[in-house]
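Naming: A, B, ... by sequence-line order, numbering from 1 per chain.
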There are 2 protein chains.
Amino acid sequence: MGLREAKMERTRRFIAESAFDLFVAQGYDDTTIEQIAAAAEVGTRTLYRYYATKEALVVSFVQNGLDAAMEAFLAQPDEAPLPEALHAVIGSVEQTIGANSARLLALYEIFDKTTGLRAGLADLCWSWRRRLAQEILRREGGTGDVLFAALTAASTMNVIEVVVQTWTSDGGRADVADITRETLELLHTKTIPFPAAG
Amino acid sequence: MGLREAKMERTRRFIAESAFDLFVAQGYDDTTIEQIAAAAEVGTRTLYRYYATKEALVVSFVQNGLDAAMEAFLAQPDEAPLPEALHAVIGSVEQTIGANSARLLALYEIFDKTTGLRAGLADLCWSWRRRLAQEILRREGGTGDVLFAALTAASTMNVIEVVVQTWTSDGGRADVADITRETLELLHTKTIPFPAAG
DNA sequence: TGCCACATGACAGCCACTGCCACATGACAC
DNA sequence: GTGTCATGTGGCAGTGGCTGTCATGTGGCA
């Protein structure tokens with residue numbers, strides 16, 4: 001990697017960090033792009049070359065975690081049983097939470113206080129879920145049914161949501177491993193009451 | 001209902017219609033609020049009193065359909081079995097599709113061409129799903145587990161998504177009843193491969 | 001060292017959205 | 001009908017997110 005790319009990567013990270021700090025300190029809505037750019041020591045035009053929207057500055061942190069989870073899934077060989085591959089996803093999430101607990105708590109506080117950010121988060125989860133469904137379909141040989149893949153992906157996303165939600169609402173005190181274990185156990189004890197076909 | 005409220009309701013509808021027509025004719029991004037306000041014969045300031053954001057002008061149509069579906073669920077007595085209540089939701093969606101086929105197709109074309117609208121739609125589905133999970137939890141006496149409610153709501157939302165997706169991607173030619181029947185049948189033939197608890 | 005590609009940042013401008021205020025118009029009492 | 005009040009309406013100025021464009025500066029490479 002050349003000196004140029006390295007500097008850009010550093011700048012990219014610094015911008016996100018600066019934005020994050022400002023959001024925590026004075027809230028998302030009350031922070032302007034100009035302030036972030038000033039704190040990150042770049043022009044506003046440059047900032048927009050790194051992050052397309054203000055929302056992206058917040059969402060990028062969650063995106064990084066979800067990207068890692070997707071990579072963990074793709075790292076599993078296609079021959080491995082699907083539940084095992086999905087377990088790798090959950091494992092990646094556990095690891096992400098463990099490695100960024102403080103930041104995650106602050107992050108979810110920002111999301112909580114800023115209703116306008118919910119859409120961006122929902123969209124991110126939606127895209128990720130869609131992507132996972134595609135990959136599941138590919139693993140199954142491309143001949144599997146779409147609904148099965150969609151439901152499986154949705155369930156996985158749901159586990160992640162519930163785990164993160166439980167963990168954060170507890171203030172991050174509980175052990176993530178305990179929460180996921182309990183959540184996954186619940187998954188096996190209950191069945192979804194699907195409505196009957198007309 | 002007084003003369004005043006009636007006029008406001010008419011205005012409200014007329015604004016959404018005008019916006020919809022413009023979006024179809026020249027695209028979402030290329031339509032300004034001023035144009036919509038002019039077409040609806042109101043001031044821009046007034047328009048914002050009816051719809052908080054430009055996005056809301058599009059999303060409101062989907063929202064109406066989801067609202068009806070939620071009402072159909074709530075109309076079921078608490079004593080009715082859950083699958084039956086959920087079936088009422090699907091039924092409501094079927095009905096909505098049948099009664100607004102032309103508009104729905106145009107609507108989803110707008111969503112397709114405008115990537116920026118995806119977030120609003122995802123957020124809407126997210127809120128609805130969350131609400132449904134709450135109501136399921138309430139039906140079960142409030143003592144049920146959160147994950148079960150969340151998964152059930154997610155599955156229901158998934159069925160709706162898949163049905164609508166299948167129907168629209170077919171150009172609205174197929175019979176909605178056939179699609180839902182096949183979708184619900186699939187739900188019973190496959191089980192989700194939940195990962196094992198750690 | 002000179003050239004090129006490209007990252008940067010300043011400036012002007014668009015447009016979604018908001019606060020504020022004057023005005024008009026239903027609703028209601030008399 | 002008429003006065004009065006509550007409330008819907010719309011204009012105007014302003015904020016801030018975001019974009020196109022262009023001159024400038026800097027790393028990369030011959």
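Electrostatic pairing of A:Glu135 and A:Arg131 counts as a salt bridge here, judged by a charged N lying under 4.0 Å from a carboxylate O. A:Glu161 has no carboxylate O lying under 4.0 Å from a charged side-chain N of A:Arg129, or vice versa, which leaves the two without a salt bridge.
Rounded to a whole Å, the CG atom of B:Leu3 is 7 Å from the P atom of C:dG26. Atom CG of B:Asp29 is separated from atom C1' of D:dT19 by 13 Å (rounded to the nearest Å). In this structure, A:Ile33 atom CD1 and C:dG9 atom C1' are separated by 15 Å, rounded to whole Å. Spacing between atom CD of B:Glu5 and atom C1' of C:dG26 amounts to 11 Å, rounded to whole angstrom units. Rounded to whole Å, the distance from NZ on A:Lys7 to P on C:dT8 is 7 Å. Spacing between atom CZ of A:Phe14 and atom P of C:dA7 amounts to 20 Å, rounded to whole angstrom units. Residue A:Gln35 contributes atom CD, which lies 9 Å from atom P of D:dG16 at whole-angstrom precision. Note: CD (B:Glu34) to P (C:dT18) measures 16 Å, nearest angstrom.
Among the atoms of the strands shown, only primed sugar atoms or phosphate atoms (P, OP1, OP2) are found under 4.0 Å from some heavy atom of B:Thr32. Residue B:Thr53 is classed as a sugar-phosphate contact, given heavy-atom separations below 4.0 Å to backbone atoms only. Counting any heavy atom pair closer than 4.0 Å across all strands shown, A:Tyr50 reaches sugar-phosphate atoms only and no base atom.
Out of D:dG17, C:dT8, D:dT9, the shortest distance to the side chain of B:Met8 is found at D:dT9. Here the side chain of B:Thr46 is nearest to one of C:dG26, D:dT9, D:dG28, namely D:dT9. Of the candidates D:dG17, C:dA16, D:dT21, D:dT21 carries the atom nearest the A:Arg45 side chain, counting heavy atoms from C-beta on.
Residues B:Arg4 and B:Thr31 each lie close to DNA chain C; by heavy-atom proximity, the contact nearer the 5' end of the strand is made by B:Thr31. Between B:Glu55 and A:Val42, the residue whose closest nucleotide on DNA chain C is further toward the 5' end is A:Val42.
For D:dT9, the OP1/OP2 oxygens have no side-chain nitrogen or oxygen of B:Tyr48 closer than 4.0 Å.
Side-chain contact check for A:Thr44 and A:Glu34: no donor-acceptor pair (N or O, by modelled atom type) lies under 3.5 Å.
Pairing for C:dC28 goes to D:dG3, judged as Watson-Crick or G-U wobble with the two contacts each under 3.5 Å. Within the shown strands, C:dC3 is the pairing partner of D:dG28 under the Watson-Crick or G-U definition, both distances less than 3.5 Å.
Because its NZ or CZ atom is both nearer than 6.0 Å to the ring centre of A:Tyr28 and within 45° of the ring axis, A:Lys54 counts as a cation-pi partner of that residue.
With rounding to the nearest 0.5 Å, the separation of CD1 in B:Ile192 from OG1 in A:Thr191 is 11.5 Å.
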